[in-house]
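Note sheet for the following structure.
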Amino acid sequence: MRRSKIFLPTLKENPSEASITSHRLMLRAGMIRQSSSGIYTWLPLGYKVLKNIENIIRNEQNLISQELLMPTIQDSEIWKKSGRFEDYGKEMLKFKDRHEHELIYGPTNEELITDIFSKNVMSYKSLPLCLYHIQWKFRDEIRPRFGVMRGREFLMKDAYSFDKNKEDSIKCYNRMFLSYLRIFNKMQLKAIPVAADTGPIGGDLSHEFIILAETGESDVFIDKNILNEVIPDIKYDDSDKIAKLVNKLTAFYAAADDKHNEDKYLNAVKKDDMLQTRGIEVGHLFYFGDKYSKPLDANITNIEGNNSPVEMGSYGIGVSRLVGAIIDAHHDEKGICWPESVAPYIVGIINLRANDILCSELSDKIYNYLINNNIEVLYDDRDEGAGIKLAEMDLIGIPWQIRVGPRGIKNGYFELLNRESGNIIEISVNETDSIIKNIIG
RNA sequence: CGGGGCGUAGCGCAGCCUGGUAGCGCACCUGUUUUGGGAACAGGGGGUCGAGUGUUCGAAUCACUCCGCCCCGACCA
């Protein structure tokens with residue numbers, strides 16, 4: 001994509017509406033624009049990142065679950081059946097259609113998926129089953145804030161598991177646990193599993209995955225040693241090994257303020273290993289048994305030939321929130337430093353002097369070379385001052401910058417800069433091939 | 001919902017206290033010169049001053065009402 005063509009309205013100054021880093025940078029980098037409190041338009045650059053995150057989640061979840069797509073608008077009936085029509089309270093957006101029929105904009109999908117399940121699955125032989133979708137939700141938050149971190153409209157991946165008994169359901173829970181570790185790891189995030197309250201979803205087993213960040217919303221108390229844990233290479237069908245991993249990781253003290261117990265903390269963790277900070281919740285696992293299957297009559301015939309409510313769990317990831325969380329973890333004073341796995345473009349070419357034939361020819365050549373090699377590239381071909389282009393490329397955080405200028409060309413090279421480290425490699429103008437070698441390593 | 005703050009050009013702000021018909025920087029358009037870290041000069045365009053009502057000869061400015069947005073608390077992916 002050429003910079004002269006892309007719709008990328010960047011801001012030089014900090015918008016007054018944004019107080020935290022990720023929000024400020026998303027507005028400045030032309031990723032989002034607010035439409036109403038807690039509701040945002042995703043501009044092309046931001047939308048690319050959002051889709052990249054979505055795809056990381058999708059690719060990993062597909063190994064243990066099947067994707068479908070449920071609607072955003074739901075009938076109020078099933079919510080009345082489950083009892084949450086009242087329980088969910090004002091956070092749930094309710095409205096009527098032209099026939100005065102009551103509808104809601106889904107804040108989550110347990111009722112709907114349970115309804116689908118109950119109408120289509122009858123026997124334990126069809127289990128286990130795990131389904132997920134990635135869909136926009138609406139929760140009428142009391143106070144939306146921090147941009148995309150606590151929007152009212154937000155993109156969420158939510159998975160739902162159906163099993164014939166608790167034992168199998170826990171196995172699925174554990175697979176999700178591993179899947180989440182891998183997903184966040186691929187985004188260069190250190191996510192810590194923390195024992196959690198189940199809130200309005202309900203249930204008796206639950207973990208939150210929390211990213212440590214100063215701008216996080218909840219206080220967390222952890223044993224630092226958990227940060228050194230490496231995710232082992234385990235297959236998803238190896239339930240025993242996964243269970244051991246889950247046990248190992250959940251054995252570390254890690255709690256958000258609502259579950260924190262100071263005495264336990266002092267007992268379990270050495271003073272030097274204590275870390276109290278703030279965190280952003282990016283994922284949540286729930287096992288809740290028959291909480292929804294019972295009221296919604298989602299029964300299966302078991303091996304004895306009797307009907308019993310199916311065992312369920314649900315597993316969420318805040319997809320749009322992750323964009324903010326990743327920025328929070330990967331930025332510096334100049335702007336964003338995207339991890340390659342989610343970056344909107346892998347390489348940014350800056351033609352430092354667009355009206356110089358040699359610079360433009362070389363820039364064009366590199367641009368075409370990268371396109372032909374299927375590398376996502378943003379080419380700043382504008383006839384602007386060098387400073388503007390350099391500062392903007394830093395701001396939007398493309399992981400690799402190629403700088404083509406008269407100074408380098410005179411000496412027969414152009415520059416390849418790594419955004420995060422700031423390291424610059426000089427590459428001979430005749431060796432464009434070595435760009436890829438340097439990037440891929 | 002309680003507490004605080006803000007609303008004036010696309011963005012950031014001044015003007016309001018003490019009423020006299022709107023200004024600055026950036027951005028934008030034209031031209032010239034520039035060009036390795038947000039350039040210089042010259043010229044130009046853009047505003048129902050959040051909305052309504054009232055006070056007044058006259059309201060961005062004063063009063064009342066409403067709306068929107070941000071920040072702190074309770075809720076959550």
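Just so it is clear, the values below take in all heavy atoms, side chains as well, and ignore hydrogens, waters and symmetry mates. Naming convention: chains lettered A, B, ... in sequence-line order (proteins, then strands); numbering from 1 in each chain. For clarity, every value in this text was computed on a predicted model and none was experimentally measured.
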Could you tell me whether the phosphate oxygens of [N], OP1 or OP2, come under 4.0 Å of any side-chain nitrogen or oxygen in [X]?
X       : N       : result
R143(A) : rC72(B) : yes
R145(A) : rC70(B) : no
Q34(A)  : rC70(B) : yes
S16(A)  : rC13(B) : yes
S19(A)  : rC70(B) : no
S36(A)  : rG68(B) : no

State whether the distance check finds a donor on one side and an acceptor on the other, under 3.5 Å, for side chain [X] versus base [N].
X       : N       : answer
D356(A) : rU35(B) : no
E392(A) : rG38(B) : no
R33(A)  : rG10(B) : no
E415(A) : rG36(B) : yes
N14(A)  : rG12(B) : no

From C-beta outward on R150(A), which listed nucleotide comes closest to its side chain: rC76(B), rC71(B), rG37(B)?
rC76(B)
Compare the minimum distances between each of rA77(B), rA74(B), rG36(B) and the side chain of I142(A), then state the nucleotide with the smallest one.
rA74(B)
When we call it a touch if two heavy atoms are under 4.0 Å apart, what does I317(A) touch: a base, just sugar-phosphate, or nothing?
nothing
Have a look at A386(A) and say if it touches a base, only the backbone sugar-phosphate, or nothing, with a 4.0 Å heavy-atom cut-off.
sugar-phosphate
Roughly, in whole Å, what's the span from [atom1] in [X] to [atom2] in [N]?
X       : N       : atom1 : atom2 : result
Y40(A)  : rC70(B) : OH    : C1'   : 10 Å
I326(A) : rA77(B) : CD1   : P     : 19 Å
K389(A) : rA39(B) : NZ    : P     : 12 Å
I53(A)  : rA77(B) : CD1   : P     : 18 Å
E13(A)  : rG12(B) : CD    : P     : 8 Å
H133(A) : rA77(B) : NE2   : P     : 15 Å

In terms of the nearest nucleotide of RNA chain B, which residue is placed more toward the 5' end: R382(A) or G283(A)?
R382(A)
I'd like to know whether the aromatic ring centres of Y105(A) and F95(A) sit less than 6.0 Å apart in this structure.
no
Is there any ring pair (Phe, Tyr, Trp, His ring centres under 6.0 Å) pair reaching into residues 321-345 of chain A, and which pairs are they, with sequence neighbours excluded?
none
